[in-house]
Trainee: 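Take a look at this one; I'll ask things after.
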Amino acid sequence: MNVSSPSRMDSGEGLREGERKGASLSQPVGLNPDLAPEIFRKSKMKPLSLAEEASAAEEERRAYWRVLRAFFRTAKGGGLPKGVRFTSALLAPYLEASPLHTAYPLWIPDKETYAKMPGFPADGYQTVGMLLEDAARAIAPGEDEGAVLKANLSRLERIIRLKLSVAGEAFKAGPLWEDAAQEIQKELQLKGVEALVFSGDLNKLQKQLPAGGMVVPFSQNTPLNLLAAFLEENQRDRTEKLRSQLRPILPALRDLVAIEKQKLPDAKEAGQLKQGLDFAGSFVNFDALSEVLPDAGAADLSKSRFQRLEQVLLVLEGAETSLCGKSGLMALSRTFHEKSVFNWGQQFGAATLKVVEPGEVFAAAAVLFDESMAEAAQPLKALRIAQLELENHYQPDLHDDWFVHFNWKMFSDEEMALCTPVVLFLEAEGLMGSSLQAFSQCLASNIPVKIVALPEQGNTGKGMAYRPEPAALAIAHRNAYVLQTAALDPFALLDGFREGFVGNMPAFFYLTSAGVAGDNTGDKGYLNTLAAVEGREFSGVSYHPGKGPNWGSRFSLVQNPEPESNWPTHSLEYKTGKTGTASEVVAFTYADYACAVGAFASHFHLVPPRFWHADLIPLAQFLTLSPKENASKAPFIWVADQDNHLHKAAVAWPLVEIVRQRLDFWKYLQENAGIHSYHAERAVEKKAKELESDFQKRLAQVRSEQQTALAEAQTAAVEEAMDKLASALLGLDLEGLSFTGKTTERPRPAAATSAPAPEAQAEKAPAPTEPAAKPAAMANAAPAPLPAAPVKDEAMEVDAWIDTPLCTSCNECIENNGQIFQYNDDKQAFVANPRGGPYADIVKAAERCPVNIIHPGTPWEKDDPDLKELVERAKPFQ
């Protein structure tokens with residue numbers, strides 16, 4: 001991850017928003033290039049390779065797995081081969097990629113730098129890489145200028161990194177630039193004109209680089225280096241804030257004291273008059289003037305006020321020394337002091353350092369705090385009194401007694417920020433041991449002491465599955481600022497210091513910068529620490545009680561890689577055979593961290609490829625399965641040797657249990673951060689079930705309403721069809737119809753020769769009334785045949801239709817046939833053309849409709865061979 005920070009030394013301006021490339025507390029540091037692009041110079045990485053072997057015979061494999069399962073249960077009979085370097089496969093390529101492109105080394109300005117450069121930003125820390133680039137750009141702004149120098153800036157940075165890595169401690173900037181310049185000239189061995197030009201450019205570069213300040217590498221002392229830098233920054237900031245308050249107050253207060261002095265009873269004496277008006281000595285008789293001046297009124301009141309103002313002025317004139325003369329007041333455990341290789345006197349030169357016995361560190365810090373606050377109360381009280389006096393609001397009968405009892409508990413946050421911070425240092429192991437009660441009492445007392453704890457170098461859990469977590473204990477007190485973080489990103493750590501040291505609250509900083517003792521500097525130390533963060537061994541945690549009233553607003557895990565996941569995952573790419581390549585997604589677990597730092601070597605066992613089997617599963621997957629599912633399985637992680645050959649290393653049960661408990665603690669942190677919260681997920685699940693139930697009820701109601709509407713529509717359609725049929729029948733001439741349904745010929749009328757017999761007339765049915773007269777042509781013409789009766793099926797034909805208001809706009813019918821079905825303006829379907837496609841499309845659409853609102857009606861294609869089947873399929877939807 002490129003966490004370097006561009007400088008603005010040429011202009012003296014601070015870093016613009018978004019310009020700093022360093023991570024902040026809201027940006028995680030990790031291996032994942034999606035989260036943190038360009039962590040390392042990947043072009044120099046050595047690729048991983050996987051050897052291929054034929055599978056062993058079944059009997060041989062069974063015998064091997066009996067041994068492997070015995071190792072898994074007991075952690076005996078295994079272990080990584082000695083004399084060969086093994087590490088997590090995800091870290092292996094980076095070991096050959098030195099130098100890593102990180103924020104280290106970091107240049108930290110000193111007091112002289114700020115004094116020489118007015119306006120230089122208080123947080124003007126810069127990476128050496130960006131410092132070199134800015135300086136080269138300043139002396140050679142043109143593209144063709146300083147070509148050799150610019151081409152070798154990375155080489156110069158590498159030399160500086162190497163010198164710092166070997167030493168493992170901070171260096172003064174000026175001498176370091178000189179040593180690096182001499183070294184690069186030896187390496188390049190340039191000749192002739194090129195050597196002269198390069199030497200001249202290098203000399204200009206050295207003059208452009210700041211001579212003051214310190215260059216800090218990544219080492220076990222990095223957190224302390226950064227804390228020392230912050231305390232100096234804080235001291236400068238406190239001093240400037242105090243000066244800004246005193247600038248308008250001191251002159252006004254001096255004038256007020258002079259005025260009050262003239263009101264005192266002895267102000268009319270000849271000596272006092274002469275002292276105040278000596279310019280008029282040649283023409284004024286001061287003895288005579290003192291006798292004729294009246295006595296001053298309220299002499300006691302004026303004298304009391306004058307004494308108060310004079311005392312306030314005296315205190316405020318020395319306020320800068322008493323309030324801001326020290327960068328910090330520190331209590332240090334003797335064992336911690338003796339174990340550390342940190343130059344306390346040099347780095348904390350502006351602080352007061354008190355080394356005490358381990359069991360007395362909290363008591364010593366309390367004494368330092370009480371003394372410091374008592375001293376700070378005097379100038380802060382004087383500042384308040386001066387403001388009241390200048391505004392003419394001071395009331396002796398009210399304020400005199402109040403200021404007698406003025407102490408640190410009455411300080412505002414702004415006033416507390418002006419005070420010298422009290423800091424105590426100790427090892428985390430002692431903190432959770434003999435000092436545990438004192439630690440808890442210190443936080444519970446709400447005294448704004450700042451506690452800094454560092455883990456014992458080389459401690460990788462010591463085999464404890466459950467172990468004390470000091471940050472979790474500190475957070476449980478709820479009133480203290482808590483930051484647990486690695487020093488991978490100096491800018492994030494400095495931001496944490498700025499948050500925790502401000503305000504009237506205790507603070508606890510649990511910091512680390514190296515994974516294992518003896519190998520914790522430079523790139524190797526950086527990788528070890530990165531592995532601790534990735535493997536959830538040392539997760540980043542921040543808790544700020546001032547962020548809001550709710551827990552969720554105070555607690556954060558965002559600085560961790562993939563905070564939503566159990567473990568960070570990465571793509572493991574490797575070569576197979578001579579030309580093949582492969583890749584797979586691999587989780588980085590605590591076991592990967594343990595392997596990377598060389599811990600628990602006896603708990604790993606290399607499994608030869610010929611014995612690989614489906615029961616050999618990744619450790620991250622193993623942890624997700626039940627004991628019953630895992631009965632026959634063995635977990636493994638990918639490891640690589642010093643030649644970058646890949647291996648599967650089985651992990652023994654005791655280490656698996658430690659991994660499981662680190663994951664358990666990580667899930668505890670996730671729950672506190674609101675990630676995968678059990679209660680939240682239960683609430684979501686409950687709400688989802690309620691919504692599903694409401695949906696099903698509503699769907700049943702809609703279907704019921706739909707069936708009712710369908711029945712009513714069918715009834716209305718039948719009634720309409722019957723009405724049409726009845727109308728058609730009533731309009732027919734039924735005279736030619738017989739009961740057999742056959743048409744008969746109407747008899748012709750007989751000639752009127754004689755009247756029929758009465759009996760015959762009586763037997764005949766009454767004839768319909770005839771018109772009085774008919775034309776002769778009609779009378780003699782043959783009667784027209786009756787129209788055929790309408791066929792019942794044709795009379796009952798019903799076109800397809802849709803309950804359009806119930807449409808859910810699912811697109812099923814539209815996608816099936818866009819000619820038959822279309823959307824209206826409300827994007828609800830209707831039948832645009834019932835004959836726009838085959839009847840089969842209508843039936844298919846009805847079957848696919850999720851709310852069953854398509855009614856196919858009767859088919860219009862009589863010649864469809866599948867007509868009978870389609871009619872049957874359509875019946876449920878009519």
Trainee: Mind checking salt bridge (charged side-chain N to carboxylate O under 4.0 Å, His left out) for R610 and listing every partner two or more places apart, or none if nothing turns up?
Mentor: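 Scan of R610 (salt bridge (charged side-chain N to carboxylate O under 4.0 Å, His left out), adjacent residues dropped) gives E53, E60.
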Trainee: Hey, are R662 and E534 close enough for a salt bridge, meaning a charged N less than 4.0 Å from a carboxylate O?
Mentor: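 So R662 does not pair with E534 through a salt bridge.
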Trainee: Quick one: does T624's side chain have a donor or acceptor within less than 3.5 Å of a partner on Q621's backbone?
Mentor: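 Yes; at least one donor-acceptor contact below 3.5 Å.
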Trainee: Please verify the inter-ring angle class for F611 with Y64; under 30° counts as parallel, over 60° as perpendicular, anything in between as tilted.
Mentor: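 Aromatic pair F611/Y64 classed parallel.
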Trainee: Got a sec, which residues hit salt bridge (charged side-chain N to carboxylate O under 4.0 Å, His left out) with R848, two or more places apart in sequence or on another chain?
Mentor: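 With sequence neighbours excluded, R848 shows a salt bridge (charged side-chain N to carboxylate O under 4.0 Å, His left out) to no residue whatsoever.
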Trainee: Look at the aromatic rings of Y481 and F509 and report parallel, tilted or perpendicular, splitting at 30° and 60°.
Mentor: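 Answer is tilted, since the angle falls between 30° and 60°.
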Trainee: Mind checking whether L606 and P81 have side chains closer than 4.5 Å, heavy atoms only?
Mentor: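 L606 reaches P81 side chain to side chain.
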Trainee: Can you find a heavy atom in the side chain of P609 that is under 4.5 Å from one in the side chain of E52?
Mentor: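 They are not in side-chain contact.
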Trainee: Kindly determine whether Q484 and Y543 satisfy side chain to side chain donor-acceptor pair (under 3.5 Å), including the steps that lead there.
Mentor: CA-CA 9 Å; Q484 173 176 301; Y543 175 81; over 6 Å; no
Trainee: Can you name the residues that form a side chain to side chain donor-acceptor pair (under 3.5 Å) with T335, not counting sequence neighbours?
Mentor: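 T335: side chain to side chain donor-acceptor pair (under 3.5 Å) contacts with S333.
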Trainee: According to side chain to side chain donor-acceptor pair (under 3.5 Å), who are the partners of E812, at least two apart in sequence or on a separate chain?
Mentor: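 Applying side chain to side chain donor-acceptor pair (under 3.5 Å) to E812 gives none.
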Trainee: With L527, which of T87, L95, V597 fulfils side-chain contact (heavy atoms from CB on, under 4.5 Å)?
Mentor: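 Of the listed options, the one satisfying the test is L95.
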Trainee: Can a salt bridge be assigned to the pair R660 and E657 using a cut-off of 4.0 Å between side-chain N and carboxylate O?
Mentor: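 Salt bridge: yes.
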Trainee: Y590 vs Y593 aromatic rings, parallel, tilted or perpendicular, using cut-offs 30° and 60°?
Mentor: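 If you compare the ring of Y590 with that of Y593, the planes turn out tilted.
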Trainee: How would you list, by chain and number, every residue that makes a side chain to side chain donor-acceptor pair (under 3.5 Å) with R682, sequence neighbours excluded?
Mentor: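 So R682 forms a side chain to side chain donor-acceptor pair (under 3.5 Å) with Y678.
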Trainee: Mind listing the closest non-hydrogen atom pair of L511 and L483 along with its distance?
Mentor: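 The answer is CD2-O, 4.4 Å.
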Trainee: Between K667 and E671, does at least one N-O distance fall below 4.0 Å, as a salt bridge requires?
Mentor: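 Result for this pair is no, no salt bridge flagged.
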Trainee: Applying side chain to side chain donor-acceptor pair (under 3.5 Å), can you list everything that pairs with R873, at least two apart in sequence or on another chain?
Mentor: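 Side chain to side chain donor-acceptor pair (under 3.5 Å) list for R873, sorted by chain: E847.
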Trainee: Would you mind reporting whether L557 and W666 have side-chain heavy atoms less than 4.5 Å apart?
Mentor: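 Answer yes - side chains close enough.
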Trainee: Would a line drawn from the ring center of F508 to the ring center of H477 be shorter than 6.0 Å?
Mentor: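 When the ring centroids of F508 and H477 are compared, they turn out to be at least 6.0 Å apart.
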